[in-house]
S.K.: 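Below is the structure I would like to discuss, written out as C-alpha cells.
Quick note: numbers below take in every heavy atom, side chains included, and nothing from hydrogens, waters or symmetry partners. Lettering follows sequence order; numbering is per chain, from 1. It should be emphasised that the depicted structure is a prediction, and the values quoted were computed from it without experimental measurement.
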Amino acid sequence: MNEKEYIKDKSWLLVIEIIIYIIILLILLAFKVNKEATIAISLVYMIGIIIELLIDYYIKKAFYNSFKEKLEKLDQKYLITELLDEPSFLEGKILTNSLYEIDKSMIERINKYKSRTQDFKEYVELWIHEVKLPVSSLILMLHNRNPEQNKKLLEQLTRLDNYLEQILYYVRSENAENDYLIKEVSLSKVISNVALKNKDLLLEKKIDLIVSDISVSVLTDSKWLEFMINQVIDNSIKYCKKQRPYIKIVSKEENDKISLIIYDNGLGISTSDLPRIFEKTFTGNNGRKSSIKSTGMGLYLCKKLCNKLGHKIQVISEEGKYTKVIITIYKNNFYKFDDKED
Amino acid sequence: MQKIKIIEDDLSIASELKEMLENAGYIVGITEDFSNILDQLKKEKPNLILLDINLPKTNGEILLQQIRKEMNIPIIMVTSKNSEADEVLSMSYGADDYITKPYNPTILLLRIGAVLNRSNKTNEKKFYRDLEVIPQKGVLKKEQDEIILTKNEMIIFLYLLYNQHKIVTRDELMTDLWNNNEYINDNALTVNISRLRAKLKEIGYQDAIETRKGQGYILHE
C-alpha cells in the first residue's frame, strides 16, 4: 500500500469533503462572516481532514504491508493466521477473524479427507494381508501335490504375489507417516531372499545369476530394499535375451556410500524411453512388446521408496545390449531424507 | 522324531502345513483352541513352534513373550505381516526366525531344520556310515583318509545326509544351495553331484548316491 493507492481508494471521501467545504463556504458567505474568520475556519477544517487521513493511512499501511510481506514469505499460505498481530481497527479485525474461520473450516475438511484416506489405506493393507493367506495356502497345496507338475500354477501364484507386493508398497509409499525402519542390514541376506524368490524363473529361463562382493551391511529397511531389488530383477527376467542371458549383482563401496549394481545383458531400454522409466504407469517399447504385460509401476515405486529412504536409484542402458541399475545407499543419510509430500 | 506345534488360525494353511511337515518326517500338532495355548504347550512339549501373529483371542507377539518367560522352545514366527518393525519386535521378544507369508515351502523346511540344528547340540559329531563329516573344514574323514569337498559338494552331501529317509528332489538341493548364496544353475548342480559321487567312490562308497529317475536322489544308509 502506498500514498497514491490510498488516496485513490479514499477519493469518494475527498469528494464529499470538498462538497461539504463548499457548502460551509456558502453558509459562511450567507452569514457575511469576515474574511479572516473564514480563512481560520477553512484551515482548521483542512488540517483536521489531513490529520485524520494521515493517522488512518499509517495504521493501515503498517498492518497491510506486514500482512503482505508475511504472506509472500510463507510456503504454506494458510499459516498466515499464526503470524498476524491483532489489528487495532475494525476492518482488520473482521479480516483476521474471517481468516481464522476460513482456515479452521478448511483444516476440518482436510482432516476429514485425511482420515478417510487413512482408513482406506488401512483397509487395503489389511486386505492384502488377508489375500496372502489363500495364496500361501495354494502354494502349500501345490507343494504337497506333486510340485514338478505344478510349476506353471506356481508361476502364476508368484505373479499374483508380486502384484500384491506392488500395491502394498504403493500404499506404504503414499503414507504420510513413515512406515519404514532403518537399521544395519546385511546386503547378502537381502539378495539371497530376492534370489530365492526368483529361483524357479531364473532356472527355467536359464538365466545365470552372478553375485559377488556383497558381504557388506547397509543402513536401510531390509523389506523395502528387498522389494526394490525384486522389482529390478523382475524386469531383468522379463526382458532377458534368448542367448546366454545373465544377471550380475555387485556392490561397490565408496567414501560415504555403497552402490548396489544390478547388471543384465538383456534387451535394454531405448534412449527415447530412458528418461521416462520412473514415471507412474509408463510402459516403454519393451513393456508393450513383452508377452507379460508391464504395469509401469515397478520402477516408479522403486524411485519413490528410494526418495523416502534417502537412497538414490539410477538406470543406465543401451538398447539391445544391457541395462544397469544402480541403487546408492548412503552410510549416514539422516540429513538426506526427502520428506516432501508429492 | 521331532515334534512341531503349529499355532495358526487359518485352517487350510494349518492342515496343508501339517501334511507338508509330516511328509518331511516331523510329528505335527495343530491348534484348535486358542484360549489356553500355554497349558497345551506345557503338556505337549514340542521341539519347535510355528507361530502366527494374527490369532483369535490373542496376538502372536504377546504369546511369544509369554512362552519365552516360561519355556525355552525354539519359535519361528510365520506371518503375513511383512514390515521391518514387526520382524524387529518379534526377534527382540526372542523369536528364533521370522518368515513371511507366502513362503517357499522348501525354504520353510530349511529354516526349520536350521533352527532345530541350532537348538540341538551342534558339536555332536556327524557320521555317514563310518565316515565322519566335518562341515566346518569341508572334510569327510575315514580313519586316516580325508577327502576335501567344495562348499557346494558339502551343502549337497549334508542335505542328502539329513534327509536320508526320503527322496531328495533337485529342487530341494537347488534351494539349499541358493539359500547358502551359491547361485548355481542346473548344469552346475549335475556336475557337482557327479563330482561328489566320484569323491565318495574314491574313498570306497560306490553308488552311495542313487538317482531315482524323474524324482531325485537318495543317499543309501
S.K.: State, yes or no, whether a side-chain contact exists between B/Thr106 and A/His143 at a heavy-atom distance under 4.5 Å.
M.R.: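 They are in side-chain contact.
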S.K.: Identify which part of B/Ser15 has an atom lying under 4.5 Å from any heavy atom of chain A, answering side chain, backbone, both or neither.
M.R.: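 Answer is neither: B/Ser15 stays 4.5 Å or more from chain A.
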S.K.: Counting only non-hydrogen atoms closer than 4.5 Å, does B/Asp10 touch chain A with its backbone (N, CA, C, O), its side chain (CB onward), both, or neither?
M.R.: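 B/Asp10 touches chain A through side-chain heavy atoms alone.
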S.K.: Answer with side chain, backbone, both or neither: which region of B/Asn181 has an atom nearer than 4.5 Å to a non-hydrogen atom of chain A?
M.R.: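 Only the side chain of B/Asn181 comes within 4.5 Å of chain A.
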S.K.: Taking B/Tyr183 as the fixed residue, which of A/Ile191, A/Ile249, A/Leu202 is the one that meets the side-chain contact (heavy atoms from CB on, under 4.5 Å) rule?
M.R.: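 Filter result, single survivor: A/Ile191.
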S.K.: Can you tell me which portion of A/Lys197 sits under 4.5 Å from chain B's heavy atoms? Options are side chain, backbone, both or neither.
M.R.: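 Nothing of A/Lys197, per the 4.5 Å heavy-atom cut-off to chain B.
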S.K.: Rounded to the nearest 0.5 Å, how far does CG of A/Leu140 lie from CD1 of B/Ile13?
M.R.: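 Between atom CD1 of B/Ile13 and atom CG of A/Leu140 there are 7.0 Å.
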S.K.: Minimum heavy-atom separation for A/Asp221 to B/Glu84, with atom names?
M.R.: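 Answer, listing the atom of A/Asp221 first, then B/Glu84: OD2-CB, 3.2 Å.
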S.K.: Please tell me if the side chains of A/Leu196 and B/Asn104 come closer than 4.5 Å, counting only heavy atoms from C-beta onward.
M.R.: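 They are not in contact (no side-chain heavy atoms under 4.5 Å apart), so the answer is no.
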S.K.: What part of A/Glu165 gets within 4.5 angstrom of chain B, counting heavy atoms only: side chain, backbone, both, or neither?
M.R.: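 Interface part for A/Glu165: side chain.
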S.K.: Is chain B contacted by the side chain of A/Leu157, its backbone, both, or neither, given a heavy-atom distance below 4.5 Å?
M.R.: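 A/Leu157 has no heavy atom closer than 4.5 Å to chain B.
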S.K.: Go through the atoms of A/Tyr246 and report whether side chain, backbone, both or neither lie under 4.5 Å from a heavy atom of chain B.
M.R.: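 It is neither, since no heavy atom gets under 4.5 Å.
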S.K.: Which heavy-atom pair separates A/Met141 from B/Ser12 by the least distance, and what is that distance?
M.R.: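 Scanning both residues, the minimum pair turns out to be CE-OG, 3.5 Å.
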S.K.: On a heavy-atom basis, which atom in B/Ala85 and which in A/Leu181 lie closest, and how many Å separate them?
M.R.: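 Looking at all heavy atoms of both residues, the shortest contact is CA-CD2, 4.0 Å.
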S.K.: Can a salt bridge be assigned to the pair A/Arg145 and B/Glu16 using a cut-off of 4.0 Å between side-chain N and carboxylate O?
M.R.: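 Yes, A/Arg145 and B/Glu16 are salt-bridged.
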